Amino acid sequence: MSRYIINGGKKLEGEIESDGSKNSVLPILAASLINGNESIIHNIPELKDVHTLSNVLENIGCKVEYNGNTMVINSKGELNTNIPEKPVKEMRSSIILMGAMLGRFKKVMISYPGGCEIGPRPIDLHLMGLKKLGVNITESHGYITCQCDKLIGKEIHLDYPSVGATENIMLAAVSAEGVTIIQNAAREPEIIDLQEFMNKTGANIIGAGSSTIKILGTKKFCNAEHTIIPDRIVAGTFLIAAAITGGTILLKNVLIDHLKPLMSKLTESGCSIEKFENAIKIRGPKRLNAIDIVRTQPYPGFPTDLQAQFMSLTTIAKGTSIIVETVFENRYKHAEELLKMGAKIKIDGRTAIIRGVKELTGARLTAKDLRGGAALVLAGLAAEGITTIDNTDNHIERGYADFDVKLKKLGADITKVDL
Ligand code: EPZ
């Protein structure tokens, strides 16, 4: 187990470069098994989840070479369509292999992915969409077995713009007969990146980024080379780190449009933000202002994956802020940890009421989920005294490459110890 030790109160100053997006690279790695060919993927972030998924690809028969930030996957030949159970339990997003396997082999056996710290994480919308495409699905003993002779393009309406369901249906539909239309599709930038990659392999997909995605099934796929988009959630986390410490950082290699919802709230909280071609300069104020209300929404609304980090910021803002988490059922685990630092937070169902205090004090904390863990780091950076955060290897390192190293480069007094 790893622990972060933070001596708070230092302003962050300097420049930082964004990494490739975790939530883009994972579906694209899964999708690389569809073309039965070579895929060269650049700007791969150095993350535990990436290693977990690339190990699964090797385990089922793909050849995977990984040097620096480039991965070469060759999915030629017969692959094992029984996905090993352990990685699916460890990492929910392995469920994206279901659609990819169906798109390539029209069959797959995969274990039911566990829920995780932020909610039950059902997959009913995934299964509804695949059934519409003609897949026979049986669920027993915790396993899902999918099989069909052929996939038939259909019109599929999602009750909720689920990111994972949109991705799984897209990947199964690329080799269906005829046209598939996904209505009320997720609009996240990572869906656009998946469309771009799949079209480079020979697929015919249009509309990603809008609520209606059309996929014309095809039989022929080819090699592809692709560069993953920057991680908007990691980028947003660093912007909030500058805001909460009253520092000034230049964040390079970002796509400004992906950060609009956060930037408007950071401006409201008193930060000054300068935008360049693909960089943002942020300066935190001496004292942050509270935000009347932040409501998490599917993209292009305020991202649920930045809710915890933003809550840390509001704990020391002047006034009372309200946060409503509309996407996940149980995504306030970080609040009980922030209370140990002197934060004043009341949780009522999906709503959090945060009365800002002048200063947090360091405490012994435990990361309970990925983004909640990052939120505790941000609070520790701003707090007076020493904060320790346990369980960072199980959570924070899954989604943040060298988080401690990057923060130290910006002037934070942070050390990682392995216990
Ligand atoms: C993706 O998860 C991201 N993960 C999550 O990021 C992100 O929070 C989420 O999208 C929302 O933006 C990856 O891309 C790997 P959803 P996903 O399906 O696909 C309900 C992070 O921190 N739902 O859009 O699982 C579900 O319960 C992670 O990087 C159903 O009811 O999210 C949730 O309440 C956390 N039935 C809501 O929809 C379904 O079949 C949004 O889930 C599917 C989802």
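No hydrogens, no waters, no symmetry mates; every other heavy atom, side chains included, goes into these values. Read the numbers this way: they start at 1 and go in the same order the structure lists the ligands and their atoms. This structure is a prediction, so every number in the text was calculated from the model and none was measured.
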### Message
So, using salt bridge (charged side-chain N to carboxylate O under 4.0 Å, His left out) as the criterion, who are the partners of Lys416 when residues are at least two apart?
### Response
Glu397
### Query
Excluding sequence neighbours, so at least two apart, what forms salt bridge (charged side-chain N to carboxylate O under 4.0 Å, His left out) with Asp404?
none
### Message
Does Lys10 have more than 12 heavy atoms from other residues, nucleotides or ligands lying within 6.0 Å of its NZ?
### Response
yes
### Query
For Glu190 and Arg232, what are the C-alpha separation, side-chain angles and deciding distance, and is it a salt bridge (Lys or Arg N to Asp or Glu O under 4.0 Å)?
CA-CA 10 Å; Glu190 293 76 29; Arg232 60 194 168 97; 2.8 Å; yes
### Task
Could you name the protein residues that come within less than 4.0 Å of ligand 1, counting only heavy atoms, and order them by chain and residue number?
Lys22, Asn23, Ser93, Ile118, Arg121, Pro122, Ile123, Asp124, Leu125, His126, Tyr160, Ser162, Val163, Gly164, Glu188, Thr304, Asp305, Val327, Phe328, Glu329, Arg331, Leu370, Arg371
### CA sep, side-chain torsions, deciding dist, call: Asp231, Tyr400, side chain to side chain contact (heavy atoms under 4.5 Å, CB included)
CA-CA 10 Å; Asp231 192 314; Tyr400 291 85; over 6 Å; no
### Task
Could you list all the ring pair (Phe, Tyr, Trp, His ring centres under 6.0 Å) pairs where at least one residue sits in residues 41-63, not counting sequence neighbours?
His51-Tyr66
